[in-house]
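Everything below concerns the one structure shown next.
We use all heavy atoms of the structure for the numbers below, so side chains are in, but hydrogens, waters and symmetry mates are not. Numbering of ligands and ligand atoms starts at 1, following listing order.
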Amino acid sequence: MRIGLVGFAGSGKTTVFNTMTGLGVPLGFGGELRIGTVRVPDARIDALSKIFSPKKTTYAEITFCDVPGEHGAEKKGLSTKALQQIRDQDALCLVLRDFPNPAIEGDADPLADLEAFHLECVLADLKLVERRLDRARKEKTPANEVAAFEKMKGILEDGRPLRALSPVELDRGALRGYGFLSDKPLLVAFNRSEARAAEPMPTDLAARLEALGAAGLVLSASVEAEIAGLAPDEQSAFLEDLGLRESALARFIRTAYGLLDLISFFTVGEDEVRAWPIHRGTRAREAAGRIHSDLERGFIRAEVIPYAVFVAHGSEHAVKVAGRLQIEGKDYVVSDGDIMHVRFNV
Ligand SMILES: Nc1nc2c(ncn2[C@@H]2O[C@H](COP(=O)(O)OP(=O)(O)OP(=O)(O)O)[C@@H](O)[C@H]2O)c(=O)[nH]1
Ligand SMILES: [Mg+2]
């Protein structure tokens, strides 16, 4: 599972990537595609770790990919190579520049950049769809497939993204291999200059994001880089000075995690407190297999305490005494924040 940081040249992708991963990729002017893992901040894990004082605390991780922007002739467009790199991602984070960058011609215009990016995606998808329909005219193609591609063509010609189509309207089963750009979950990060980091998202931009089915947030990559360099107790004072409640990067990473339709369940104990990423809708036995294949093979039952229940009672023992421990079978659908203890026998 990979999330691509995408956007036009000099919008701050590498600055965001470095701050999240702690890597020191050189800033500015393109460069190579980079991959890094990022810890998903989770206050629930912080709290559980305080309670259990385990030897080890492990957060969920996601992989980000810094896709370089293009400079020179193609600085506002996306080359075939860039499009292919973007197609390989499971979800996209579009970084929009809203700070003056002397290396880039023209003032910052995030709304125009958003439209330009969206249009590139729509046109690239339309090309794929039309090519497929052309082929369908020459080769025998099932009627329902042709109908699906016709429907997609109509949406794209209207300038709308494919993600606007619900699972009922479009069966994506056979379409996965195409990597349609406008169908990818999209998070838009509006990268501000330091002085304006605390200003809310402009309403026109927020409305446009809603129409595109995209999530959005405001951050200042250079402020985030500065925060990351401070000691934990200095961080909150610094945030307060800027009129911010928490680091936007923490929210950014959590939102990106949700974009992949991932949730976390937890395991707790003296040895380790740990968050395990699973897809929403995963059943208990399969989730147990994330921990170890033996747990999936020999699964007997799962003892589950939802995080909120645990916090309300304060300990596993108190939860049991109150009769709130859930005993669940293999088909139980795991919820975000479930604390699970798997009973198994191999
Ligand atoms: N003032 C200000 N400058 C920023 C911010 N984010 C990035 N920059 C600067 O903008 C320049 C480009 O930042 P990068 O992170 O390299 O941008 P990029 O999107 O990776 O650029 P390419 O990979 O070339 O497409 C650098 O000089 C950064 O220091 C920000 O939030 N505020
Ligand atoms: Mg870069």
CG of Asn345 to CZ of Arg297, rounded to nearest 0.5 Å, is 10.5 Å

Judged by heavy atoms only, the candidate from Ala197, Gly12, Ala9, Gly7 nearest atom 17 (O) of ligand 1 is Gly12

Cationic N near anionic O, under 4.0 Å, Arg2 to Asp90
no

- Task: Answer yes or no: is there an ion pair linking Arg163 with Asp183, defined by an N-O contact shorter than 4.0 Å?
- Result: no

- prompt: Hey, are the side chains of Val273 and Ile51 touching, using non-hydrogen atoms and a 4.5 Å cut-off?
  reply: no

Practice task
State, yes or no, whether a side-chain contact exists between Val67 and Leu5 at a heavy-atom distance under 4.5 Å.
Solution key: no

State whether a side-chain donor-acceptor pair under 3.5 Å links Ser222 with Glu194.
yes

| task | Answer with yes or no whether the side chains of Trp276 and Thr267 bring together a donor and an acceptor at under 3.5 Å. | result | yes

message: Classify the ring geometry of Phe8 against Phe117: parallel below 30°, tilted from 30° to 60°, perpendicular beyond 60°.
response: perpendicular

task: Using the six-membered ring wherever Trp is involved, compare the ring planes of Phe310 and Phe52 and label them parallel, tilted or perpendicular (cut-offs 30° and 60°).
output: parallel

Got an N/O contact under 3.5 Å between [X] and ligand 1?
X: Ser222; answer: yes
X: Phe99; answer: no
X: Pro68; answer: no
X: Ala221; answer: yes

Proximity flag [X] to ligand 1, non-hydrogen atoms under 4.0 Å:
X: Arg192; result: yes
X: Ser11; result: yes
X: Glu194; result: yes

Asn191 heavy atoms within 4.0 Å reach ligand 1 at atoms 5 (C), 6 (N), 30 (C), 31 (O)

For Thr15, the ligand 1 atoms with a heavy-atom partner under 4.0 Å come out as 7 (C), 13 (O), 14 (P), 15 (O), 28 (C)

So for Asn101 against ligand 1, with non-hydrogen atoms under 4.0 Å, the contacting part is side chain

So for Thr14 against ligand 1, with non-hydrogen atoms under 4.0 Å, the contacting part is both

So, 2.8 Å as the limit: is an N/O/S atom of Thr15 located closer than that to the Mg ion (ligand 2)? no

